[in-house]
Amino acid sequence: MKKWWFALAGILTYIIGVGIYFSNRIMYMKKKEDDFIHNREITAKRLIREDFDNLPKTEIWISSPSGYSLKCLFVEPHETKKWVVISHGVTENKVNSIKYMNIFLKRGFNAIIYDHRRHGDSGGKTSSYGYYEKFDLKAVIAELKRRKGPDLHIGIHGESMGAATLLLYAGMLEDGADFYIADCPFSNFEDQIKYQLKEEIRLPSWTVFPLGRLFIKFRDGYWTNEVSPIDYMKNIRSPVLFIHSENDSFIPASMTVELYAAKEGPKQLYIAKKGAHAQSYNENPQEYEAQIDQFLKLV
């Protein structure tokens with residue numbers, strides 16, 4: 001009888017241990033320190049502190065539907081109806097968005113940069129890779145329209161998780177922007193998790209993944225298969241520019257190719273030859289901006 005109890009205890013320990021480990025890795029992915037991001041961008045000369053400080057901008061706190069506040073900067077150097085919202089990736093913050101913001105400021109847009117939930121100065125306890133973030137993005141767009149009027153020309157640029165977020169927003173909630181730029185998104189969150197499991201651990205994904213997704217549902221309120229941009233691409237009618245680096249080993253470029261193929265209507269694809277994950281612009285700035293110029297002609 002004792003052997004059965006020991007066996008049962010061992011099984012329960014495995015289930016709980018794997019479930020907590022897996023869900024913690026997803027919900028609480030280790031963030032980069034804010035000072036590290038700031039210093040990295042300054043060192044790379046993607047952030048010129050004096051130039052940024054001199055930009056006319058307003059600090060706005062926006063209420064998330066999930067019950068916390070989002071820290072936003074409305075940057076307005078131009079008298080224009082053209083706006084772009086920058087959606088950063090997991091582990092980053094709005095400082096990482098400045099380099100993308102500058103691309104659009106040079107092209108006559110005003111911009112919003114903001115911190116996702118659990119990042120930077122915003123509230124929120126977990127990262128959900130677009131599941132809750134898409135509602136926050138909708139709140140940011142709504143606040144922009146409330147403050148600046150409904151007759152705006154709006155674009156959304158996102159990197160990694162931010163790119164998946166904007167695709168989920170456009171495909172599931174509202175196609176509320178005039179164009180989208182999705183830089184290195186995943187096409188399906190469960191496929192992305194399994195891809196990472198294969199890279200990081202020796203165990204087959206079926207020994208870990210079912211327990212992990214169950215714990216995420218229990219602890220954070222959603223199923224991982226609900227975070228699947230590719231399932232909603234046909235709902236997006238506005239033009240989308242898809243960007244990825246050929247050598248991305250974190251999210252494979254094939255995922256962006258799949259998203260591009262699933263998108264109907266106006267679209268553009270750019271696969272950069274150089275760069276790791278989320279490095280397409282950093283490694284190929286002139287090509288990147290040329291692709292955006294070409295894309296903006298569609299919108």
Side-chain angles (χ1 to χ4, degrees), residues 21-33 36-37 40-41 44 46 86-97 99-100 115-120 126-131 133-134 157-168 180-205 208-209 212-213 216 224-225 227-230 233 240-262 269-285 287-288 291:
Y21 170 78
F22 180 98
S23 54
N24 279 349
R25 285 290 305 275
I26 299 298
M27 295 161 54
Y28 307 114
M29 180 179 283
K30 183 175 173 56
K31 296 178 293 183
K32 300 178 181 75
E33 295 292 335
F36 169 82
I37 296 170
R40 180 196 67 197
E41 294 303 297
R46 295 187 290 263
I86 313 295
S87 175
H88 68 75
V90 70
T91 78
E92 296 286 346
N93 64 27
K94 62 183 174 296
V95 172
N96 185 63
S97 299
K99 60 178 178 281
Y100 299 120
D115 293 321
H116 280 299
R117 57 185 275 141
R118 191 182 158 257
H119 290 75
T126 64
S127 294
S128 66
Y129 304 85
Y131 182 81
E133 288 83 359
K134 66 181 182 286
H157 178 291
E159 177 189 273
S160 191
M161 178 189 75
T165 295
L166 72 84
L167 294 175
L168 291 167
Y180 307 96
I181 300 177
D183 186 332
C184 61
F186 55 79
S187 54
N188 177 285
F189 190 37
E190 291 199 344
D191 289 345
Q192 172 61 18
I193 294 170
K194 291 173 184 176
Y195 176 81
Q196 284 301 312
L197 285 174
K198 185 173 68 175
E199 295 294 312
E200 294 179 14
I201 65 175
R202 299 294 183 184
L203 294 173
S205 63
V208 176
F209 182 72
R213 72 189 298 271
I216 288 173
T224 49
N225 64 0
V227 188
S228 182
I230 198 164
M233 290 307 303
V240 181
L241 168 56
F242 297 93
I243 297 173
H244 219 111
S245 292
E246 190 175 85
N247 298 320
D248 191 335
S249 60
F250 186 74
I251 298 177
S254 59
M255 287 196 167
T256 280
V257 174
E258 292 169 1
L259 288 164
Y260 174 78
L269 177 65
Y270 168 51
I271 304 296
K273 294 296 183 184
K274 295 188 295 182
H277 182 63
Q279 297 296 308
S280 295
Y281 179 64
N282 296 344
E283 296 292 333
N284 312 271
E287 284 185 14
Y288 197 103
Q291 288 289 326

Would you check, one step at a time, whether the test side chain to side chain contact (heavy atoms under 4.5 Å, CB included) holds for T256 with L269?
CA-CA 9 Å; T256 280; L269 177 65; 3.7 Å; yes

Using side-chain heavy atoms (C-beta onward) and a distance below 4.5 Å, is [X] in contact with [Y]?
| X | Y | value |
| --- | --- | --- |
| H244 | V257 | no |
| H119 | S127 | yes |
| E287 | Y270 | yes |
| F22 | L197 | yes |
| M255 | P185 | no |
| R118 | M27 | no |
| E159 | C184 | yes |

Nearest-0.5 Å distance that lies between atom [atom1] in [X] and atom [atom2] in [Y]:
| X | Y | atom1 | atom2 | answer |
| --- | --- | --- | --- | --- |
| K194 | Q192 | NZ | CD | 12.0 Å |
| F209 | I216 | CZ | CD1 | 7.5 Å |
| Q291 | N284 | CD | CG | 10.0 Å |
| T126 | Y28 | OG1 | OH | 6.5 Å |
| Y131 | R117 | OH | CZ | 10.5 Å |
| N225 | F189 | CG | CZ | 11.5 Å |

Show, in sequence, the C-alpha distance, side-chain angles and deciding distance for N282 and K99, and conclude whether the side chain to side chain contact (heavy atoms under 4.5 Å, CB included) test is met.
CA-CA 9 Å; N282 296 344; K99 60 178 178 281; 3.3 Å; yes

Taking the inter-plane angle between the rings of Y260 and F242 on a 0 to 90° scale, is it parallel (under 30°), tilted (30 to 60°) or perpendicular (over 60°)?
perpendicular

Below 30° counts as parallel, above 60° as perpendicular, anything between as tilted: where do the rings of F250 and H277 land?
tilted

Work out which heavy atom in [X] is nearest to a heavy atom in [Y]; give both atom names and the distance.
| X | Y | answer |
| --- | --- | --- |
| L166 | G158 | CD2-N, 3.2 Å |
| G130 | T165 | CA-OG1, 3.4 Å |
| V240 | L167 | CG1-CD2, 4.4 Å |
| L168 | K134 | CB-CD, 3.8 Å |
| A276 | S245 | O-OG, 3.5 Å |
| Y100 | A278 | OH-O, 4.3 Å |

So does E33 have more than 12 non-hydrogen atoms from other groups sitting under 6.0 Å from CD?
no

For residues S128 and E133, is any side-chain donor paired with an opposing acceptor at under 3.5 Å?
yes

For the side chain of [X] and the backbone of [Y], is there at least one donor-acceptor N/O pair under 3.5 Å apart?
| X | Y | answer |
| --- | --- | --- |
| Y288 | A272 | no |
| H116 | S87 | no |
| N247 | G275 | no |

Check the pair S228 / I230 against side chain to side chain contact (heavy atoms under 4.5 Å, CB included), numbers first and verdict last.
CA-CA 6 Å; S228 182; I230 198 164; 3.8 Å; yes

Please walk me through it: do R25 and Q196 pass side chain to side chain contact (heavy atoms under 4.5 Å, CB included)?
CA-CA 11 Å; R25 285 290 305 275; Q196 284 301 312; over 6 Å; no

